[in-house]
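Because the structure is a prediction, the values reported are computed rather than measured. As the structure lists them, so they are numbered: ligands from 1, and atoms in each ligand from 1.
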Amino acid sequence: MATTVTRGLGRQQSAEACVTPGIWPKLSAVSQEPVLELEAVTFRRGDQQILRGIDLTVRSGEHWALLGPNGAGKSTVLGFLGAETFPSSGVVRVLGEQLGRVELAALRRRIGHVNPRHRLRSALTVRDVVITGITGTIELPMRWEPSRADLKRAGDLVELLGLGHRAEHLWPTLSQGERGRTLIARALAGDPELLLLDEPSTGLDLAAREQLLDTVDLLDQTHPGLTSVLVTHHLEELPTTTTHAALLRDGRLVAAGPVGEVLTGELVSAAFSHPIAVGREDGRWTARAVRRTGRP
Ligand SMILES: Nc1ncnc2c1ncn2[C@@H]1O[C@H](COP(=O)(O)OP(=O)(O)OP(=O)(O)O)[C@@H](O)[C@H]1O
């Protein structure tokens with residue numbers, strides 16, 4: 001089966017179709033099942049064309065980063081992947097189910113969505129927030145008691161995410177970093193096949209960001225086979241376990257494929273419409289503006 005790599009502003013091409021000696025990097029054979037498939041997807045609101053034809057395939061066990069400038073369309077794409085938004089045209093398949101032909105609630109139970117704008121209103125403890133990942137609700141359901149297995153599952157995830165000492169602390173008293181890790185534990189509580197992370201590092205200080213990235217990296221070992229898609233503006237916020245990247249600009253894919261082939265200075269500069277130098281050390285990425293030489 002051909003893998004998918006996009007370069008330029010066109011549609012994804014098969015490996016056979018896009019390999020030109022000396023230009024296209026060698027592509028590894030891919031055998032995993034597609035978990036997410038977007039085919040010619042567009043999205044329109046009023047007279048604004050937000051997505052202009054996106055083709056993307058994400059396979060089982062891959063960890064994707066979705067990058068691009070403000071307003072590029074990243075959150076809109078994540079809305080499809082979370083079975084929350086429908087495209088205006090084109091086909092979106094999530095975990096093998098085509099949006100528009102599937103019961104959304106059942107599909108959403110198979111997806112863990114880490115949303116920093118979590119709408120929790122009441123003062124639940126960290127443990128209870130994690131339990132809401134099992135019930136698939138924002139608050140704890142009325143007249144419902146967690147089973148011993150539920151409590152154990154929530155407790156194990158609280159420990160895994162390094163929140164054991166905060167298990168009984170209330171949501172409003174948590175730091176941003178603690179909330180982020182609580183939301184990852186909550187997303188994992190439903191035993192998802194797909195994990196979506198929407199700008200998980202937003203608002204975190206340096207140490208909290210690094211802890212969160214370590215946590216995401218750890219999932220590669222604790223939850224092998226889990227597929228993930230992480231949205232961010234910043235290359236520095238990519239976990240080292242990121243396997244693939246997609247660059248969006250103005251509602252189009254600039255490039256999509258293996259992370260080392262997509263996060264180049266040339267392609268990142270094209271996506272952000274600015275000359276950017278990209279670096280990679282020990283699996284972590286850096287990006288900075290290219291300075292013009294001879295500047296006073
Ligand atoms: N429901 C909507 N109605 C009208 N415009 C919308 C709607 N949803 C998104 N947009 C517009 O679509 C464009 C893409 O939005 P989106 O949030 O997907 O971008 P983004 O890449 O996630 O941006 P950011 O990095 O700033 O979060 C923006 O111009 C936004 O204002």
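- Those atoms of ligand 1 with a heavy atom of Glu199 less than 4.0 angstrom away are 27 (O).
- Residue Gly71 places at least one N or O, backbone or side chain, under 3.5 Å from an N or O of ligand 1.
- Heavy-atom neighbours of Arg288 CZ from other residues, nucleotides or ligands within 6.0 Å: at or below the threshold of 12.
- Sorted by first then second residue, the ring pair (Phe, Tyr, Trp, His ring centres under 6.0 Å) pairs that include residues 159-191, not counting sequence neighbours, are His118-Trp171.
- For atom 30 (C) of ligand 1, the closest non-hydrogen atom on the protein side is Gln48 NE2, 4.5 Å.
- Put simply, atom 13 (C) of ligand 1 has protein non-hydrogen atoms near it, under 4.0 Å away.
- Between Glu237 and Thr232, the side chains place a donor N or O and an acceptor N or O closer than 3.5 Å (distance only, hydrogens not considered).
- When each of Ile111, Asn115, Leu230, Val114 is paired with Leu196, the side-chain contact (heavy atoms from CB on, under 4.5 Å) condition holds for Ile111 and for no other.
- Contact annotation for Lys74 and ligand 1: heavy atoms of both the backbone and the side chain come within less than 4.0 Å of the ligand.
- Any N or O atom pair closer than 3.5 Å counts here, and Ala72 shares at least one such pair with ligand 1.
- Protein heavy atom at the shortest distance from atom 16 (P) of ligand 1 is Thr76 OG1, 3.6 Å.
- No side-chain N or O of Glu37 forms a donor-acceptor pair with one of Thr57 less than 3.5 Å apart.
- Considering only non-hydrogen protein atoms, atom 17 (O) of ligand 1 sits nearest to Ser75 CB, 3.6 Å.
- Closest protein heavy atom to atom 25 (O) of ligand 1: His233 NE2, 2.5 Å.
- Among all non-hydrogen protein atoms, the one lying nearest atom 26 (O) of ligand 1 is Asn70 ND2, 2.9 Å.
- A donor-acceptor contact closer than 3.5 angstrom is absent between the side chains of His63 and Thr243.
- Nearest protein heavy-atom neighbour of atom 19 (O) of ligand 1: Gly73 N, 3.2 Å.
- Residue-ligand proximity: Pro69 is placed with a non-hydrogen atom under 4.0 Å from ligand 1.
- Taking all atoms of both residues into account, the shortest heavy-atom contact from Ala167 to Thr125 is O-CB, 3.6 Å.
- Nearest non-hydrogen protein atom to atom 4 (C) of ligand 1 is Arg45 CB, 3.6 Å.
- Checked for salt-bridge contact, Glu168 and Arg127 meet the test: a charged N lies under 4.0 Å from a carboxylate O.
- With a 4.0 Å cut-off on non-hydrogen atoms, Ile50 touches ligand 1 through its side chain and not its backbone.
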Taking it one step at a time, do Lys152 and Asp156 satisfy salt bridge (charged side-chain N to carboxylate O under 4.0 Å, His left out)?
CA-CA 6 Å; Lys152 164 130 182 39; Asp156 288 349; 2.7 Å; yes
